[in-house]
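Remember, it's 1-based here, ligands and their atoms both numbered in the order they're listed.
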Amino acid sequence: MDILITGGCGFIGTNLVNHLLAQPDVERVRTLDNYVTGLRRTVPHARVQEIEGDLRSYDDVLRASDGVDAVVHLGALPSVPRSIKDPLSTNAVNIDGTLHVLEAARANGVQHVSVASSSSVYGANPALPKVESLATLPLSPYAVTKLATESYTNAYATSYGLNTIAFRFFNVFGPLQRADHVYAAVIPKFLAALKNNEPLTIFGDGEQSRDFTSIHAVTDAITKSALRTVTSETPVNLAFGTRTSLNGVVALLQELHGSPIKVQYVDPRPGDVKHSQASSALLTSLLPDVVQPDFVHALKEVYDWYMEL
Ligand SMILES: NC(=O)c1ccc[n+]([C@@H]2O[C@H](COP(=O)([O-])OP(=O)(O)OC[C@H]3O[C@@H](n4cnc5c(N)ncnc54)[C@H](O)[C@@H]3O)[C@@H](O)[C@H]2O)c1
């Protein structure tokens with residue numbers, strides 16, 4: 001099988017490439033990326049083809065998906081604050097980009113398309129756990145683009161018979177996640193601060209909670225769904241129903257870190273949701289052998305990775 005990963009040089013994409021290369025049924029992996037947050041491979045791999053291109057160009061996407069069996073669409077501008085600052089760019093990359101991926105997949109006869117949506121689509125809906133059937137109430141332009149991403153994906157399944165699945169990622173973390181850009185996620189930012197002996201910054205009181213998900217579960221679920229052509233008429237949460245507050249993450253990091261950790265609390269950020277916790281029932285019914293990694297173990301893995309960088 002040949003697989004295209006859009007955004008394949010980003011955090012989740014690079015981990016996914018490495019995971020796919022270990023699968024006997026995967027022959028070649030192609031990436032499409034414009035390197036806005038992603039990084040080029042430092043060491044070329046015989047089974048990996050990197051294509052530089054832009055999701056906003058239908059021609060780029062059409063060319064990149066020519067001849068592949070499956071597409072994993074991860075490419076996006078994945079940040080709530082960025083979308084609030086620049087909604088037009090986020091809209092163009094995330095919504096036009098998704099439409100280009102789906103239309104190109106249809107034109108090229110691709111057998112399976114999986115796309116990255118986000119728990120941010122639940123937004124202002126306070127219900128926990130987040131069951132996929134809950135009303136979606138996006139709080140940011142980014143969340144709107146992810147709702148459009150999954151809606152277009154489902155529409156391509158019903159309108160054109162494309163085999164699709166839209167995963168709602170929660171807070172994915174693991175090795176290779178960048179801390180060195182302004183829109184970095186919370187765990188890499190914490191780890192970079194620890195490494196530099198700086199205080200950790202928390203927006204709000206730190207009691208906001210997230211369903212932190214190890215990258216290994218995410219790459220496993222995406223890979224199995226592509227190899228088995230798993231489809232779903234509704235979006236699927238890709239998380240396991242755990243919930244850890246940011247203060248709780250700091251407490252766990254304190255156990256790993258030798259010296260005392262300092263935290264500075266600043267004003268909450270607009271667009272951020274208070275609590276997030278998935279229902280994993282649909283994921284488990286579709287992919288029963290995707291197992292929930294232990295959070296403390298996964299946090300230690302990423303802590304060690306950062307400290308050795
Ligand atoms: N990491 C998470 O916790 C999380 C949570 C929810 C959803 N997601 C979604 O998962 C996907 C991957 O996220 P990530 O954490 O790996 O982010 P990332 O920023 O590391 O990866 C995104 C990739 O897309 C590429 N890209 C951006 N604009 C592009 C364009 N116009 N053309 C081509 N490539 C472009 C970037 O260069 C980057 O390599 C995104 O769609 C994101 O919205 C991630």
Side-chain angles (χ1 to χ4, degrees), residues 4-18 30-41 50-61 63-65 71-80 82-83 86 88-101 104 114-123 130 138 140-150 153 166-189 210-215 217-219 221-222 235-239 272-273 276 278 298 302:
L4 167 69
I5 309 171
T6 72
C9 298
F11 157 54
I12 296 174
T14 308
N15 277 286
L16 180 61
V17 170
N18 294 338
R30 208 180 275 174
T31 58
L32 172 68
D33 209 296
N34 71 349
Y35 309 105
V36 65
T37 55
L39 298 171
R40 290 170 201 277
R41 281 187 88 82
E50 276 195 12
I51 297 177
E52 180 164 3
D54 199 307
L55 286 161
R56 288 167 290 190
S57 157
Y58 178 62
D59 287 347
D60 284 1
V61 180
R63 237 177 302 119
S65 55
V71 174
V72 181
H73 176 42
L74 301 175
L77 293 178
S79 158
V80 168
R82 181 179 198 141
S83 76
D86 182 4
L88 297 182
S89 299
T90 300
N91 191 86
V93 173
N94 295 7
I95 300 185
D96 293 351
T98 297
L99 183 57
H100 292 161
V101 167
S114 49
V115 306
S117 182
S118 159
S119 59
S120 64
V121 299
Y122 295 112
K130 304 297 186 195
S140 66
Y142 168 72
V144 171
T145 68
K146 288 288 139 177
L147 192 55
T149 292
E150 58 183 44
T153 302
F167 286 113
R168 287 180 179 163
F169 299 164
F170 282 60
N171 286 68
V172 187
F173 71 99
L176 303 178
Q177 193 168 20
R178 289 181 66 181
D180 60 346
H181 62 82
V182 63
Y183 300 117
V186 62
I187 288 184
K189 275 209 257 187
R210 297 289 180 265
D211 198 338
F212 290 104
T213 315
S214 162
I215 183 67
V218 172
T219 56
I222 295 171
V236 182
N237 292 335
L238 208 177
D272 276 352
V273 301
S276 188
V302 73

Atoms of ligand 1 under 4.0 Å from any heavy atom of Gly38, numbered from 1 in the order shown, are 36 (C), 37 (O), 38 (C), 39 (O)

So is Ser117 touching ligand 1 or not, going by heavy atoms under 4.0 Å?
yes

With nothing but distance in play, are any N or O atoms of Val36 less than 3.5 Å from an N or O of ligand 1?
yes

Cationic tip of Arg40 within the cone over Tyr35's six-membered ring, i.e. under 6.0 Å and within 45° of the normal?
yes

Contact (N/O only, under 3.5 Å) between Ala116 and ligand 1:
no

Any heavy atom of Gly53 closer to ligand 1 than 4.0 angstrom?
yes

Could you tell me whether some N/O pair between Ile12 and ligand 1 is separated by less than 3.5 angstrom?
yes

Report yes if some N/O of Leu77 lies less than 3.5 Å from some N/O of ligand 1; otherwise report no.
no

To the nearest 0.5 Å, tell me how far Asp60 CG sits from Ser65 OG.
10.5 Å

Looking only at protein heavy atoms, what sits closest to atom 37 (O) of ligand 1 is Asp33 OD1, 2.6 Å

Min heavy-atom dist Phe170 to ligand 1 below 4.0 Å:
yes

Under 3.5 Å: N/O of Phe169 near N/O of ligand 1
no

How does His73 reach ligand 1, by side chain, by backbone, by both or by neither, if only non-hydrogen atoms under 4.0 Å count?
neither

Give a yes/no verdict on whether any heavy atom in Lys146 is under 4.0 Å from an atom of ligand 1.
yes

For Cys9, is the nearest heavy atom under 4.0 Å from an atom of ligand 1?
yes

With nothing but distance in play, are any N or O atoms of Tyr142 less than 3.5 Å from an N or O of ligand 1?
yes

Close N or O approach (Leu32, ligand 1; < 3.5 Å):
no

Give yes or no for whether the N/O distance cutoff of 3.5 Å, strictly under, is met between Leu74 and ligand 1.
yes

Min over Asn34, Asp54, Thr90 of heavy-atom distance to atom 34 (N) of ligand 1 lands on Asn34

